[in-house]
Number of protein chains: 2
Amino acid sequence: MASIRDVAKAAGVSLGTVSNAINRPEILAPRTLRKVQKVIEDMGFVPNASARNLRAGRNRVIGLVVPDISNPFFTDLARGVNNAAFAAKYVVILCNTDESSEKESQYLDVLSAQNVEGILITPARETTRALASVTEKGIRLALVDRPALGLQACSVAVNDSYGGSLALTHLYDLGHRSIVLLTGSEDIPQVADRNAGIRETLNEIPASDRPNIIELRLDSMSASNAYSAIMKKLESGIDFTGVICGNDLIALGAIRAFREKNISVPEDVSVIGYDDIDFAGSANVPLTSISQPAYELGYAAAELIISECENPERHVHQRVEFQPRLIVRSSTAPTKSHRATLKIS
Amino acid sequence: MASIRDVAKAAGVSLGTVSNAINRPEILAPRTLRKVQKVIEDMGFVPNASARNLRAGRNRVIGLVVPDISNPFFTDLARGVNNAAFAAKYVVILCNTDESSEKESQYLDVLSAQNVEGILITPARETTRALASVTEKGIRLALVDRPALGLQACSVAVNDSYGGSLALTHLYDLGHRSIVLLTGSEDIPQVADRNAGIRETLNEIPASDRPNIIELRLDSMSASNAYSAIMKKLESGIDFTGVICGNDLIALGAIRAFREKNISVPEDVSVIGYDDIDFAGSANVPLTSISQPAYELGYAAAELIISECENPERHVHQRVEFQPRLIVRSSTAPTKSHRATLKIS
DNA sequence: CTGAAAGCGCTTACAG
DNA sequence: CTGAAAGCGCTTACAG
């Protein structure tokens, strides 16, 4: 590889002059500058980043650690992070942990060995120790979709509790009073928070009018699991008019089960999803869903950590919270009795 | 940040000894080694990567440039790249170009400024010049899902022409003789290759028995576009029994249109998708599709470029080609006349 | 087995 | 405006 010394020799100037041509072109005599630039161009010279970074004491690299990049939520998040980084001339190392906390801590070591300036992470449960040791090494941290739990770090999140509340309120307003909650394990913080939001909202409703909630837990939040769960539930008849789903795939699986049993959505049963995946709007029954601003979340997280890297002393840790939004499509409708009521009034 | 010099001072040894403790622990006296390791541990010391890389002349960083990380194909590809890199202790910088060749060339500059050792890229059309200049700078290249076009580079690809052939042969074997080809612009190389595969296979069939192909082109390969295109096509009646789709979303959109017109899939019309996305198996009508080994593609590409980085002189450029696979589910079936024929024989 | 020294490629005061 | 020199943090022969 050509070095700055080769360029200097070829251009007949000193080594410092070449460096100035690259970093402070305005202080060179125009003729000298042109001469040097031409040689750089001709040789295809690119300064050695390691040497530059060694001098500068920084490298404009950040790491992004996610549990599952195949999940559309994290894909969008990654896009947001990338675009924010690109705009600030930073670069992102992507680390996909496949939900394994062992792999997560290995990746943290890799990133620290790379001396990244900051790490954006949606940590697995119980990895606060590994994270604390990262911050001790002077690497800045921003937590995505998780509370900071006493760590010196910024965090960005979606208000999941509000998301749960949105879903329940929507069905409640449509007159639903018996609702299936079809979701995953409460070990998943997002699931727990949404359920908490649902319970809270429930308690604000006078007991006489309070919807009855039937909880069904899925091992894995997939369409096929949801299909089976609803098929099984329907064996004992149908004692509900609405379903709140943990994500859109669950909603699609549930709708398939209803259709197979000739139960019409939304005439007989309303179904609401979560995440508002790309496909939600093009489904057979376009899905009502809760949209999470994953891209914005990633963009904001990257901006936070980059601003911390650029201005460590002036930086104050903060928590940014985004609100999910209800997207109403065709999979939810007023209950029959509610429609009747509406006609009367 | 602590440096190797601080560690040496704290441990009461020379600077070279600390370095040896890190890089060649076996040559130190056990007592000295333990002493130094303890200090390293206590201080949370991490060697400066820039300095190491400057000495070593390499940094174990590769770049991955993709047009759209939201596309499940590229998401899976990225997972493969990441896992291969992780296994080889490399790290991946992710670059998402949003299909813009301007952004692509900016990213190439960024990556070259970072002095990555290699770049994996699915290039936009007409960027061979930018790529050539990258290789001139001594950065190794591997092309993903594109021919190398005279570049000094390895390449990995899926045999798209064979994929097209698989789809056509499947419908042909089921007795379909009038088939709609619902796909995107031939400017997209994959689309062009698949269509070429279809035409080739067509020509191998005796003219008397050769299926009639009706081509419909979509501006954008989305479910809603496909829905509209099929709705419009059906206005003039139904003169086909099968549909070959450019991707699974198109297939899902088409099926929705058929259902709305009370045309049953697969009894009246067979529909075959492409990509075998996660959701294909859980759709209302589980989709027959062509599966592309995206993860494997990424893994192989990363392995190729890493082996080139590790052994530049022994390396020989190569092209690795993967075969797509036909995944038969419930959206395709024999035509009615074919079923009759089967009964007779 | 340990320690002093050279050098990786660059940037930036500093003297001219 | 130009050029010689120091030093960023590390690794690795080399002498002891």
Side-chain angles (χ1 to χ4, degrees), chain A residues 1-40 43-61 89 112-117 137-139 309, chain B residues 1-40 43-61 89 112-117 137-139 309:
Chain A
M1 279 272 49
S3 82
I4 208 175
R5 164 166 279 118
D6 303 318
V7 176
K9 202 172 296 171
V13 296
S14 86
L15 185 155
T17 301
V18 177
S19 175
N20 283 331
I22 297 168
N23 301 295
R24 307 187 282 185
E26 65 284 1
I27 76 167
L28 288 196
R31 272 201 52 192
T32 322
L33 178 59
R34 271 197 304 276
K35 187 171 60 177
V36 176
Q37 282 176 334
K38 176 147 191 348
V39 175
I40 289 179
M43 300 180 70
F45 168 71
V46 182
N48 180 305
S50 299
R52 285 189 118 165
N53 294 339
L54 175 55
R55 284 270 347 193
R58 41 182 310 205
N59 58 13
R60 292 179 168 269
V61 179
K89 296 180 190 298
S112 110
Q114 289 281 341
N115 292 135
V116 297
E117 294 192 43
K137 286 171 187 158
I139 302 178
C309 293
Chain B
M1 280 273 48
S3 84
I4 209 175
R5 167 167 276 120
D6 303 318
V7 176
K9 202 171 295 172
V13 297
S14 87
L15 187 154
T17 301
V18 177
S19 176
N20 283 331
I22 297 167
N23 301 295
R24 308 187 280 185
E26 65 284 0
I27 76 168
L28 288 196
R31 272 201 54 191
T32 322
L33 178 58
R34 270 198 303 277
K35 187 171 60 179
V36 176
Q37 283 176 333
K38 179 152 188 348
V39 174
I40 290 179
M43 301 179 69
F45 168 70
V46 182
N48 181 304
S50 301
R52 286 189 115 164
N53 294 338
L54 175 55
R55 284 269 347 189
R58 42 183 307 204
N59 59 13
R60 293 178 167 270
V61 178
K89 296 178 192 297
S112 110
Q114 290 280 341
N115 293 134
V116 297
E117 293 191 42
K137 286 171 187 157
I139 301 179
C309 293

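By the salt bridge (charged side-chain N to carboxylate O under 4.0 Å, His left out) test, A:R58 is found to be paired with A:E117, A:E310, residues two or more places apart in sequence or in another chain being considered. With sequence neighbours left out, B:K137 forms a salt bridge (charged side-chain N to carboxylate O under 4.0 Å, His left out) with no residue at all. Scanning for side-chain hydrogen bond (donor to acceptor under 3.5 Å, both in side chains) contacts around A:N23 gives A:S19, A:R52, with sequence neighbours left out. A:N53 pairs by the side-chain contact (heavy atoms from CB on, under 4.5 Å) definition with A:A49, A:N59, B:S50, not counting sequence neighbours. Taking the side-chain contact (heavy atoms from CB on, under 4.5 Å) definition, one finds that B:R24 meets it with B:N20, B:E26, B:I27, sequence neighbours left out. B:T17 is linked by a side-chain contact (heavy atoms from CB on, under 4.5 Å) to B:V13, B:S14, B:L28, B:T32, counting only residues two or more places apart in sequence or in another chain. For the salt bridge (charged side-chain N to carboxylate O under 4.0 Å, His left out) test, no residue two or more places apart in sequence or in another chain qualifies with A:K9.
Atom-to-atom distance recorded for B:K35:NZ and B:R31:CZ is 6.5 Å, nearest 0.5 angstrom. Distance CD1/A:I4 to CG/A:N48: 10.0 Å, rounded to 0.5 Å. Separating the CD1 atom in B:I139 from the CD atom in B:Q114 is a distance of 10.5 Å, to the nearest 0.5 Å.
In this structure, B:P47 and B:I22 approach most closely via the heavy-atom pair CG-CD1, 4.1 Å.
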Dump the pairs, protein N or O against N or O of nucleotides 1-4 of chain D, anything under 3.5 Å, distances to one decimal.
unit_1, atom_1, unit_2, atom_2, d
D:dT2, OP1, A:T32, OG1, 2.3
D:dG3, OP2, A:S14, N, 3.1
D:dG3, OP2, A:T17, OG1, 3.3

Tabulated below should be each protein N or O lying under 3.5 Å from an N or O of nucleotides 14-16 of chain D; please produce it.
none

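In this structure, CG of A:L54 is placed 13 Å from P of C:dC8, rounded to the nearest angstrom. In this structure, the CD1 atom of B:I22 is 11 Å from the C1' atom of D:dG9, given to the nearest Å. Remark: C1' of C:dC8 and CG of B:N59 are 14 Å apart, rounded to the nearest angstrom. Atom-to-atom, CG of B:N53 to P of D:dC8 comes out at 18 Å; the value is rounded to the nearest Å. Taking atom CZ on B:R55 and atom C1' on C:dC10, their separation rounds to 15 Å, with Å as the unit.
DNA chain C is contacted by A:S3, A:I4 of residues 2-11 of chain A, taking any non-hydrogen atom closer than 4.0 Å.
Within 4.0 Å (heavy atoms only), A:R52 reaches sugar-phosphate atoms of the nucleic acid but no base atom.
Contact annotation: the side chain of B:N115 never approaches that of B:V61 to less than 4.5 Å [non-hydrogen atoms, C-beta and beyond]. Residues A:V36 and A:F45 have side chains not in contact (no heavy-atom distance under 4.5 Å, counting atoms from C-beta outward).
Checking the phosphate oxygens (OP1, OP2) of D:dT11, a side-chain nitrogen or oxygen of B:N23 falls inside 4.0 Å.
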### Message
Can you give me the dot-bracket string for DNA chain D, 5' to 3', counting Watson-Crick and G-U wobble pairs with both distances under 3.5 Å, using [ ] for crossing pairs and | for partners on another strand?
### Response
|||.||||||||.|||

